[in-house]
Amino acid sequence: MCVIRVEHLRKSFLLDKTAIHAVDDVSFSVDEGEVFGLIGLSGAGKSTLVRCLNLLERPDSGEIWFDGLNLVEQDDSVLREKRCRMGIIFQHFNLFMRKTVWENVAYPLRIAGQRTKEIIPRVEELLDYIGLSAHARSYPAELSGGQQQRVGIARALAMNPRLLLSDEATSALDPVNTELVLSMLRKVVDDLGIAVILITHQMEVAKALCDRIAVMENGKIVEENTVEELFLRPRHAVTRRMIRGFDEDIPLEHFADLTSAPVYRLGFRSQTVTRPLISDISRRFNVDANILAGNINALVGGDVGYLVVSFEGEEEAVCGALSSLHEDGVEILKLEPGNGQNNGVGLHAKEEVR
Ligand SMILES: Nc1ncnc2c1ncn2[C@@H]1O[C@H](COP(=O)(O)OP(=O)(O)O)[C@@H](O)[C@H]1O
Ligand SMILES: [Mg+2]
C-alpha cells in the first residue's frame with residue numbers, strides 16, 4: 001500500500017535575483033515496508049525535498065498525498081497532526097543536550113499531550129527496542145554517535161509514524177556506527193512495516209538498505225530504479241559517478257596497456273554472479289579476457305556484481321562472446337578512456353551493447 005505519493009513538486013529560492021530550482025518537478029511514491037533512497041551529490045536538492053515533504057518548507061507547486069490527504073492543501077492544525085505520522089532523523093541527531101535520553105524520547109509524546117501514565121511504558125518499550133534501556137538516565141553527550149542516532153530513531157518512532165524520513169542520518173558516523181544504525185533502520189522497516197525515505201550522498205549507504213533508489217541532480221530525479229537494476233544498468237552520468245566500476249575504480253596505470261583492446265563493464269545479476277561465465281566464453285570463443293576491476297555488491301534484493309574486462313581476439317570472436325554473455329543476462333556497457341567531462345580520469349560508459 002502506498003504511504004506517500006509526490007506529484008510534480010517544485011520549490012525555488014531567489015538568490016541575488018536568480019532563481020535556484022532546488023526541487024524541480026519531482027514525482028515519486030513509496031509503499032509500506034519499502035526503503036526508498038534519494039541520492040545525489042551535495043546541492044542536488046535532497047534536503048529541500050525532505051523539508052517540503054513535511055511542509056516545514058512550503059512547496060511552490062505540486063501535490064503531496066499522505067494518509068489520504070493532499071498535505072499542500074491542509075491547514076496548520078491538520079499538518080501538525082500529520083507531521084506526527086512522519087518521523088524524522090537528522091545528520092547531527094538534533095537531540096536536546098540538556099535532557100536525558102529518557103526525556104528526549106518522551107518529548108514528542110509530551111508535545112502530543114499524552115499523560116505520564118501512558119508515556120512511561122511507551123518510552124520504556126522504545127528504549128528497550130533500540131537497546132539503550134541502561135542509558136535512560138544518561139545525557140546525549142555521554143553516548144557515542146551511533147547511540148545518539150539510535151535515540152534519534154526511538155524519538156522518531158515514538159508516535160508510531162507511517163513514514164520515516166532520514167536525512168544523511170549516518171553521514172556524521174564512523175563506518176562501524178554507520179553499520180549499526182543501518183541495521184537498526186532495516187530492523188525498523190522489517191518489524192514495523194513502515195516506509196522509509198533515506199536521503200544520502202553515499203551510494204554505499206543507499207545500497208545497504210534501499211529497495212529502490214532515485215538519483216537527484218539539480219533538483220530533478222534523473223533516474224529511478226530498483227537497486228539491483230541501478231547497479232547493473234546505471235544510465236545517467238551522475239549515477240555512474242556514484243557507482244563503482246566506472247571512474248574511480250580503475251587504476252590509471254592500466255590505461256596505456258588498454259589502448260588497442262576494447263574495454264567493457266559487465267554487470268551480473270544474482271543468478272549469474274557465481275557462474276564461471278568469463279572462463280566459459282574465453283574457451284568457447286578463443287578470446288583473452290583481461291580483468292581490470294571487479295566487485296560483488298550484497299544488495300537487499302540479492303547480489304549483483306560487475307567486472308571491467310578487456311577482450312582480445314578476432315573481432316568476430318569478441319562479438320560472439322559478447323552476444324553469448326548478453327544471452328546469459330549479463331548487462332554490457334562499452335567503456336572508453338576519460339573524455340574530460342567527468343574529471344577526465346578513468347573510463348566512461350560509451351554505449352550499451354545489445
Ligand atoms: N533557504 C534557502 N535559500 C536559498 N537557497 C537555498 C535554500 N535552501 C537550499 N538552497 C539551495 O538549494 C539547492 C539545494 O540544496 P539542498 O536541498 O540543501 O541540497 P542537498 O541536501 O542535496 O545537498 C542548493 O543550491 C542550495 O544552495
Ligand atoms: Mg542535504
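Counting starts at 1 for both ligands and their atoms, following the listed order. Computed from a predicted model, the values in this text were never measured in an experiment.
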K.L.:
Give me the nearest non-hydrogen protein atom to atom 6 (C) of ligand 1 as residue plus atom name, then the distance to 0.1 Å.
P.N.:
F13 CD1, 3.2 Å
K.L.:
Would you mind checking which non-hydrogen protein atom is closest to atom 19 (O) of ligand 1, with the distance to 0.1 Å?
P.N.:
G45 N, 3.1 Å
K.L.:
Is E331 salt-bridged to R233, going by a charged N under 4.0 Å from an acidic O?
P.N.:
yes
K.L.:
Name the one of E124, E118, E125 that satisfies side-chain hydrogen bond (donor to acceptor under 3.5 Å, both in side chains) with R122?
P.N.:
E125
K.L.:
Within the 4.0 Å heavy-atom shell around A44, which atoms of ligand 1 are there?
P.N.:
19 (O), 20 (P), 22 (O)
K.L.:
At a 4.0 Å cut-off, with the gap strictly under it, does some heavy atom of R51 reach an atom of ligand 1?
P.N.:
yes
K.L.:
Mind checking whether F311 and Y264 have parallel, tilted or perpendicular rings, split at 30° and 60°?
P.N.:
tilted
K.L.:
Determine yes or no for a side-chain-to-main-chain donor-acceptor pair under 3.5 angstrom, with R5 supplying the side chain and W65 the backbone.
P.N.:
no
K.L.:
Report the nearest protein non-hydrogen atom to atom 17 (O) of ligand 1: residue, atom name, distance rounded to 0.1 Å.
P.N.:
T48 OG1, 2.5 Å
K.L.:
Within a distance of under 4.0 Å, is there any protein heavy atom near atom 21 (O) of ligand 1?
P.N.:
yes
K.L.:
Which option wins on minimum heavy-atom distance to atom 23 (O) of ligand 1: G43, A22, G40?
P.N.:
G43
K.L.:
What residue and atom, counting heavy atoms only, is the protein's closest point to atom 18 (O) of ligand 1, and at what distance?
P.N.:
S47 CB, 3.8 Å
K.L.:
Out of all atoms in ligand 1, which are within 4.0 Å of some heavy atom of S42? Include the element for each.
P.N.:
23 (O)
K.L.:
Check whether any N, O or S atom of T48, backbone or side chain, sits closer than 2.8 Å to the Mg ion (ligand 2).
P.N.:
no
K.L.:
My question is simple, although I want it checked carefully: is atom 26 (C) of ligand 1 less than 4.0 angstrom from any protein heavy atom?
P.N.:
no
